[in-house]
Amino acid sequence: MAQEIRIEYEPRQQFIPFHQREQRWACLVVHRRGGKTVACINDLGARALYTTKQNARYAYLAPFYRQAKDVAWAYLKQYLKPAITKVRESELRVELINGSWITLYGADNPDALRGIYLDGVILDEFGDCRPSLWGQVILPTLVDRGGWAVFIGTPKGKNHFYKIAQRSKLEPGWFNLTLKASMSGIIAPKIGRAHV
């Protein structure tokens with residue numbers, strides 16, 4: 001008998017196309033406090049939970065390990081709680097009822113990612129990571145099992161994240177979502193300004 005799992009996540013309207021995408025690669029250029037990490041953690045969880053792959057492995061990667069813990073660990077445990085069978089605090093890893101794992105990593109220790117395989121990965125604030133991280137470390141983890149990747153961040157000049165964002169707008173096989181604070185409707189204009 002199948003067990004019913006209810007995840008308490010209500011996506012913002014702006015992220016529904018992202019959750020419905022079929023492309024292997026995606027890029028989200030979203031302003032601060034726009035909800036990109038919450039959307040991505042829930043997307044990662046849904047894809048890990050409903051995969052048909054055996055021994056599936058997924059990852060969330062931030063520029064620093066401590067940052068991954070501070071930004072995403074609480075969200076992961078909160079939203080996926082009904083589907084989690086094991087929590088490994090020391091490894092920042094959860095195991096889901098279907099045997100899938102989701103682990104948080106930091107780009108400050110890329111060697112922790114060598115030799116593993118991944119079925120999907122979120123690369124948060126990719127512009128703050130080393131440019132070589134994607135091609136030399138992450139992409140090889142995805143190749144043999146046809147894994148997917150989502151690059152998320154905020155604009156910080158014309159760096160390697162900017163190049164990924166441009167590529168995602170032009171090339172087939174990519175999904176792109178760009179949300180500017182002035183146009184997204186997520187943050188009220190007057191709330192964003194501090195008054196002293």
Side-chain angles (χ1 to χ4, degrees), residues 5-51 53 56-108 112-113 116 118-129 133-134 138 141-142 147-154 161 164 168 175-179 184 186-187:
I5 304 275
R6 181 162 175 79
I7 305 296
E8 298 295 330
Y9 167 64
E10 185 72 33
R12 288 180 171 163
Q13 189 68 30
Q14 296 89 335
F15 289 99
I16 290 175
F18 166 66
H19 293 308
Q20 294 174 340
R21 77 193 184 285
E22 295 181 6
Q23 295 91 335
R24 183 177 182 191
W25 315 117
C27 181
L28 277 63
V29 182
V30 179
H31 60 83
R32 299 242 181 258
R33 307 305 308 152
K36 58 189 173 291
T37 302
V38 170
C40 284
I41 287 294
N42 279 283
D43 193 77
L44 183 67
R47 290 172 189 266
L49 192 57
Y50 294 107
T51 186
K53 294 181 180 180
R57 304 290 180 260
Y58 297 87
Y60 167 92
L61 182 96
F64 299 97
Y65 185 75
R66 177 62 192 244
Q67 184 180 15
K69 183 177 183 179
D70 290 346
V71 171
W73 186 232
Y75 290 145
L76 183 66
K77 293 187 295 181
Q78 172 192 343
Y79 287 108
L80 296 179
K81 185 176 181 177
I84 294 173
T85 58
K86 288 182 191 168
V87 176
R88 296 184 180 173
E89 291 283 342
S90 63
E91 299 173 39
L92 299 185
R93 174 179 294 161
V94 297
E95 184 175 337
L96 304 182
I97 58 170
N98 65 343
S100 294
W101 291 0
I102 300 175
T103 308
L104 275 55
Y105 294 97
D108 51 338
L113 294 152
I116 68 169
L118 292 172
D119 295 295
V121 62
I122 305 294
L123 296 113
D124 199 351
E125 294 299 349
F126 183 64
D128 292 338
C129 299
L133 181 72
W134 169 243
I138 304 297
T141 69
L142 300 168
W148 51 266
V150 177
F151 299 83
I152 65 175
T154 51
F161 179 62
I164 290 282
S168 71
F175 172 86
N176 175 278
L177 176 65
T178 301
L179 294 176
S184 73
I186 294 172
I187 297 176

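At least one donor-acceptor pair closer than 3.5 Å links the side chain of W148 to the backbone N or O of D119. In terms of modelled atom types and a separation under 3.5 Å, the side chain of R93 and the main chain of L104 share no donor-acceptor contact. With hydrogens and angles disregarded, a donor-acceptor distance shorter than 3.5 Å links the side chain of T85 to the backbone of E95.
A heavy-atom distance below 4.5 Å is not found between the side chains of T141 and V121. Annotation: side chain of C27 is in contact with side chain of F161 (closest heavy-atom distance under 4.5 Å). Looking only at side-chain heavy atoms (C-beta outward), I41 and Y9 stay at 4.5 Å or farther from each other. At a threshold of 4.5 Å between non-hydrogen side-chain atoms, the residues V30 and F15 count as touching. When side chains are defined from C-beta on, V87 counts as touching K77, because their heavy atoms get closer than 4.5 Å. Considering only heavy atoms from C-beta on, I97 comes within 4.5 Å of L49 through its side chain. I84 is listed as a side-chain neighbour of L96, based on a closest heavy-atom distance under 4.5 Å. Side-chain contact between D70 and Y65: absent, with no pair of heavy atoms (C-beta onward) separated by less than 4.5 Å.
Remark: Q13 CD is loosely packed, at most 12 non-hydrogen atoms of other residues, nucleotides or ligands lying under 6.0 Å away. Within a 6.0 Å sphere centred on CZ of F175, other residues, nucleotides and ligands contribute more than 12 heavy atoms. Heavy atoms from other residues, nucleotides or ligands lying under 6.0 Å from CZ of R88 number more than 12. The environment of K69 atom NZ is sparse: at most 12 non-hydrogen atoms of other residues, nucleotides or ligands sit within 6.0 angstrom.
Taking each heavy atom of E125 and G153 in turn, the nearest pair found is OE1-CA, 3.7 Å. Nearest heavy atom pair, residue C40 against residue F18, reads SG-CZ, 3.9 Å. In terms of heavy atoms, A107 sits closest to C129 at CB-SG, 3.7 Å. The minimum heavy-atom distance linking L142 with G120 is given by the pair CD2-N, 4.1 Å. Across all their heavy atoms, P11 and H19 have their closest contact at CB-CD2, 3.8 Å. In terms of heavy atoms, Y58 sits closest to S100 at CE1-OG, 4.2 Å.
For D128, the salt bridge (charged side-chain N to carboxylate O under 4.0 Å, His left out) partners at least two apart in sequence or on another chain are K156.
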Side chain to side chain contact (heavy atoms under 4.5 Å, CB included) between L61 and L113, worked out: CA-CA 10 Å; L61 182 96; L113 294 152; 3.5 Å; yes
Step-by-step side chain to side chain contact (heavy atoms under 4.5 Å, CB included) determination, T154 to K36: CA-CA 10 Å; T154 51; K36 58 189 173 291; 3.7 Å; yes
Does the pair V150 and R47 meet the rule for a side chain to side chain contact (heavy atoms under 4.5 Å, CB included), with working shown? CA-CA 12 Å; V150 177; R47 290 172 189 266; over 6 Å; no
Take D43 and R21 through the side chain to side chain contact (heavy atoms under 4.5 Å, CB included) test and state the conclusion after the steps. CA-CA 10 Å; D43 193 77; R21 77 193 184 285; 3.0 Å; yes
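Taking CH2 of W101 as the reference point, atom CD1 of I116 lies at 10.0 Å (rounded to 0.5 Å). Taking CD1 of I164 as the start and CG of L123 as the end, the distance is 9.0 Å to the nearest 0.5 Å.
Of the residues listed (L76, T37, T103), the one engaging Y60 in a side chain to side chain contact (heavy atoms under 4.5 Å, CB included) is T37, and it is the only one.
In the model, N98 has no side-chain atom that pairs as donor or acceptor with a side-chain atom of T51 under 3.5 Å. Of the N and O atoms on the side chains of W73 and E89, at least one donor lies less than 3.5 Å from an acceptor on the other residue.
Taking the centre of each ring, F151 and W134 come in below the 6.0 Å mark.
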